[in-house]
Amino acid sequence: MCSVGRRQTRTKKMPAYVITYFAVRGRCETMRMLLADQGQEWKENEVTFDTWKKGDLKATCVFGQLPKFEDGDFTLYQSNAILRYLARVHGKRRLYGKDDKQAALIDMMNDSCEDLRLKYVRMIYQDYENGKAKYIEALPSDLSKFEKILSDNKGGFLVGGQISYADYHLLDLLLNHQVLSPGCLDSFPVLKSYVARLSARPKIKAFLESDAHKSRPINGNGKQ
Ligand code: 6SG
């Protein structure tokens, strides 16, 4: 999926994508799922925490953080900007809706995914021992919003009738939340079947079953 050897046989259709990140799912599993589902190849440039702590790589990153994403000689930072870039480039009708209004709604959905991700990340990294139970208790309030959105939109996705980059983001979040709290989708049948349906897309299924995915911890501190 991401061997250097294969890059040599790439045609123009096969961009030289490189993801530079820690060996975790974290902020990159959404873009990895998007790329896998779109039949793209990429190379992983794994950074150990020890290397990162030395500071040399950090000093070269525009905002001092990873992930870094390269498409040939084009370099991007900020995981959501990377998702939007890939959304503009891939997909039958791109992964960004059919017009400007759908694109704006897809951005809106992704912003709400980002809100939930930030809450999750803060709990995982700053408050896991004390805050986990409270976080799980409050989770239905967030999940119910997505349940209603998906029930109201008959197209099977967050917006319209085609997958968008925000769907990959929500899928990643829901998969992580099912690890945090295995029964958390039981009272949300629409979300539950959405996760099952997207996870069963052949290329996503293969990705989720891959050693590369399974061997990466969700978070950098081992909490999940
Ligand atoms: C952390 O926060 O793994 N990037 C992270 N951390 C290192 O020096 N808005 C952007 C975006 O969407 C957020 C980037 C994100 O792209 S991801 C980063 O660069 C830094 O700031 C989550 C993750 N964290 C584990 C980690 C590695 C280094 C610091 C945190 C574990 C803890 C301390 C060392 C090893 Fe650690």
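Remember, it's 1-based here, ligands and their atoms both numbered in the order they're listed.
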I'd like to know if the side chain of His90 and the backbone of Leu86 have a donor-acceptor N/O pair within less than 3.5 Å. no
Mind checking whether Tyr125 has a heavy atom under 4.0 Å from ligand 1? yes
In ligand 1, which numbered atoms sit nearer than 4.0 Å to a non-hydrogen atom of Tyr21? 3 (O), 17 (S), 22 (C)
For atom 5 (C) of ligand 1, which protein heavy atom lies nearest, and how many Å away is it? Leu66 O, 3.6 Å
Does atom 29 (C) of ligand 1 have a protein heavy-atom neighbour under 4.0 Å away? no
Just do the side chain to side chain donor-acceptor pair (under 3.5 Å) check on Asn221 and Tyr128 with the steps written out, would you? CA-CA 10 Å; Asn221 61 353; Tyr128 188 82; over 6 Å; no
Under-4.0 Å salt bridge between Glu137 and Lys134: no
Return the residue, atom name and 0.1 Å-rounded distance of the protein heavy atom closest to atom 1 (C) of ligand 1. Phe22 CE1, 4.3 Å
Between Leu150 and Leu158, is the side-chain contact (heavy atoms from CB on, under 4.5 Å) condition met? List the steps. CA-CA 6 Å; Leu150 285 168; Leu158 284 167; 4.2 Å; yes
Apply the test ring-ring contact (aromatic ring centres under 6.0 Å, His included) to residues Phe146 and Tyr194: give CA-CA distance (whole Å), side-chain angles for both, the deciding distance (0.1 Å), then the verdict. CA-CA 11 Å; Phe146 288 112; Tyr194 171 83; 9.0 Å; no
Do you see a donor-acceptor pair shorter than 3.5 Å between the side chains of Tyr165 and Asp107? yes
Distance flag for atom 13 (C) of ligand 1, protein heavy atom under 4.0 Å: yes
Atom 7 (C) of ligand 1 [closest protein heavy-atom partner, distance rounded to 0.1 Å]: Trp52 NE1, 3.1 Å
Polar contact flag for Pro67 and ligand 1 (N/O pairs, less than 3.5 Å): no
Contacting atoms of ligand 1, where contact means under 4.0 angstrom from a heavy atom of Val24: 3 (O)
Close N or O approach (Ser79, ligand 1; < 3.5 Å): yes
Is there at least one protein heavy-atom neighbour under 4.0 Å from atom 22 (C) of ligand 1? yes
A student comparing Lys58, Lys68, Arg25, Gln78 should find that the heavy atom closest to atom 8 (O) of ligand 1 comes from Lys58
Check each of Lys53, Arg27, Glu114, Gln65 against atom 18 (C) of ligand 1 and report the one with the nearest heavy atom. Gln65
Less than 3.5 Å apart, any donor N or O on the side chain of Tyr168 or Asp37 sitting next to an acceptor on the other? yes
Closer than 4.0 angstrom, basic N to acidic O: yes or no for Glu70 and Lys43? no
I need the single residue from His169, Arg117, Arg84, Arg27 that forms a side chain to side chain donor-acceptor pair (under 3.5 Å) with Ser79. Which is it? Arg27
Protein residue, atom and distance nearest to atom 27 (C) of ligand 1, heavy-atom basis: Phe49 CE2, 3.1 Å
